[in-house]
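First up is the structure itself, then whatever we jot down about it.
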Amino acid sequence: MNFINKNIKAYAVAILGSGMFLACAQTKSVASKPATENSKSGKVVPTNLKWSERMLLSEMNRFPESWMLDFSKSPKWTYPSAIVLDGAEQVYAKTGKKEYYDYISSFGEKLVKEDGSILTYELDKYNIDLLNSGNVLLYLYEKEKKEKYLKALKMLRSQIDGQPRTSEGGFWHKKIYPSQMWLDGLYMGQPFYAHYTKDFAKGADATKAYNDVVLQFDLIQKHLVDKKTGLLYHAWDESKEQAWANKETGVSPNFWGRAMGWYGMAMVDVLDYLPKDHPGRAKLISYLKSYTDAIIKVQDKDNGLWYQVLDKAGEKGNYTEATASSMFVYTIIKSVNNGYLPKSYKAAAKKGYDGIIKNLITVDENGVVNLNKCCAVAGLGGKPYRDGSYEYYVNEEIRSNDAKGTGPFILASIEFEK
């Protein structure tokens, strides 16, 4: 009980300290088996490890089965799990610890049936979010060569062929969101599309696919960038029919932190797979630079973090948000490490990373690491209708240990540990 009470007090202080009285859904134990303490340190998560491994072990403690990631109550094909597992792949590559590989592998084993069908996945919904977890299957197929993964991958790739598009060829975010491109969708679809192409396509087919990948970024740059600030709006409605859409430009009304976070990660991750001689590389790197310049301008000068609504730091209810901050740090430091941005940009990434650890990370007595002040979810349209207003974004649920934050934190940590 003392441990629980201390946890509650710690989170109460964190919430009150942000000046907000929003409900914070503290991580609940979903363990089907008890956590085991490390015999040497007496901690569930040893504190002498690097942050990447500490956060991964903390996620594994919170969610003993990888399908549970991001608070899933039953096995579900959903995108947040894949971000943490992307980090797990890299931690495994660095440490060679089999428990990390087994954690990744169990996701594929549980979610993909022997005939290649995927639990809860429905192709005809054309939901671009559901391509992201295909990255886990690409990794597992490379390692294990199981036929069921190849069948599942081909099915996911077929979604791209049928995905509804705007008049210029931009992917709709979902079938239920006609004529709309969201920044989120670039991360959900394009790294998978590019990675699949690298692994399975050749010649003219590969060139066509890579060109299609780059086109998606070209259209985002054309329609969603604010010329004054360089920031990008959350979404664009080509039809201009949505209540949230500007009647002249079709864009949504605000710069949501995580939406821009998704976009940055999409660019740096696609560049992992785009051929070195592809003309789109130079364009993506130029987009990345203008993007980074814009987000650095709205980085908090004191704590190094970024706000839920990026350009409205001082307004009532706004707060420094963990998922966007982690995504921005990952994007910038990976860009520096890979030579896409000059080394001078590392200072902004380091300031952000230190700010996350100082202001948003707490460590329990047993060593388990928590990432606090994560926006649980935000979107546009739907039922009940989400209007994209400032008030909407700052009043969405805040919680701890959301995979959309812990995953990017692991990835950012790995980049700093190189």
Side-chain angles (χ1 to χ4, degrees), residues 1-12 14-15 23-38 41-47 49-92 95 97-107 109-111 133 136 321-323 326 356-357 360-377 397-414:
M1 285 301 293
N2 286 339
F3 172 68
I4 295 170
N5 289 336
K6 285 179 181 177
N7 251 0
I8 293 169
K9 288 177 184 176
Y11 278 92
I15 297 164
C24 178
Q26 162 60 5
T27 307
K28 295 178 181 177
S29 174
V30 292
S32 56
K33 52 191 176 186
T36 55
E37 292 200 347
N38 182 281
S41 67
K43 305 277 189 186
V44 171
V45 178
T47 55
L49 299 174
K50 301 287 190 183
W51 280 112
S52 60
E53 197 170 358
R54 289 173 71 183
M55 183 60 86
L56 177 58
L57 284 169
S58 299
E59 287 288 79
M60 292 170 68
N61 180 65
R62 279 186 281 272
F63 308 111
E65 302 292 338
S66 52
W67 60 261
M68 297 176 177
L69 281 162
D70 209 49
F71 311 98
S72 288
K73 301 300 183 194
S74 59
K76 183 181 179 184
W77 186 254
T78 182
Y79 67 87
S81 311
I83 314 170
V84 175
L85 296 178
D86 183 11
E89 291 167 19
Q90 297 189 44
V91 175
Y92 169 67
T95 65
K97 294 179 182 176
K98 188 172 181 291
E99 64 195 278
Y100 303 145
Y101 184 82
D102 291 344
Y103 193 66
I104 304 162
S105 182
S106 67
F107 183 80
E109 283 300 320
K110 190 73 176 180
L111 272 296
S133 287
V136 182
E321 198 275 326
T323 67
S326 298
I356 293 167
I357 292 168
L360 301 177
I361 292 282
T362 53
V363 181
D364 295 340
E365 290 179 358
N366 62 358
V368 170
V369 179
N370 303 289
L371 180 67
N372 307 306
K373 292 172 68 177
C374 301
C375 172
V377 67
E397 179 192 355
I398 301 169
R399 65 184 181 181
S400 298
N401 302 319
D402 190 295
K404 299 180 287 293
T406 56
F409 178 79
I410 293 168
L411 293 167
S413 298
I414 289 164

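Computed over heavy atoms, backbone and side chain alike; hydrogens, waters and symmetry mates excluded. Computed from a predicted model, the values in this text were never measured in an experiment.
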With sequence neighbours left out, what residues match E53 under side chain to side chain donor-acceptor pair (under 3.5 Å)?
K97, Y100

Could you pull out the closest heavy-atom pair between S66 and L85, with the gap in Å?
CB-CD2, 4.2 Å

Check whether any side-chain heavy atom of I83 sits under 4.5 Å from a side-chain heavy atom of P408, and report yes or no.
yes

Quick one: does S326's side chain have a donor or acceptor within less than 3.5 Å of a partner on A322's backbone?
yes

Looking at residues at least two apart in the chain, or sitting in another chain, which of them share a salt bridge (charged side-chain N to carboxylate O under 4.0 Å, His left out) with E99?
none

Between the CH2 atom in W77 and the OG atom in S133, the distance rounded to the nearest 0.5 Å is 5.0 Å

Shortest non-hydrogen separation from P75 to K110 and the atoms involved
CG-CE, 3.6 Å

So V377 and E397, side-chain contact (heavy atoms from CB on, under 4.5 Å) or not? Walk me through it.
CA-CA 7 Å; V377 67; E397 179 192 355; 5.9 Å; no

Verify, without hydrogens or angle tests, whether K98 (side chain) and Y92 (backbone) share a donor-acceptor contact under 3.5 angstrom.
no

D86 CG to I414 CD1 distance, which is reported to the nearest 0.5 Å:
8.0 Å

With sequence neighbours excluded, tell me which residues meet side-chain contact (heavy atoms from CB on, under 4.5 Å) with S413.
W51, S52, Y353, F409, E417

Within the distance-only criterion (no hydrogens, no angle test), does the side chain of N366 pair as donor or acceptor with the backbone N or O of V368 below 3.5 angstrom?
yes

Between K404 (side chain only) and A376 (backbone N and O only), is there a donor and an acceptor less than 3.5 Å apart?
yes

Heavy atoms only: give me the nearest L57-P46 pair and the separation to one decimal.
CD1-CD, 4.3 Å

Sidechain-backbone polar pair: E59 side chain, L69 backbone, donor-acceptor under 3.5 Å
no

Could you tell me which non-hydrogen atom of T78 sits nearest to which non-hydrogen atom of S72, and how far apart they are?
CG2-OG, 4.2 Å

Should D70 and R399 count as an ion pair when the cut-off is N to O under 4.0 Å?
yes

Roughly how far apart are K43 NZ and D364 CG, rounded to 0.5 Å?
9.5 Å

On a heavy-atom basis, the closest approach of A403 and V84 is CB-CG2, 3.8 Å

Could you pull out the closest heavy-atom pair between S400 and F71, with the gap in Å?
O-CZ, 3.4 Å

To the nearest 0.5 Å, tell me how far Y103 OH sits from E65 CD.
8.0 Å

Rounded to the nearest 0.5 Å, what separation is found between the CG atom of L371 and the CD1 atom of I361?
5.0 Å

OG1 on T406 to CG on L411, rounded to 0.5 Å:
9.5 Å

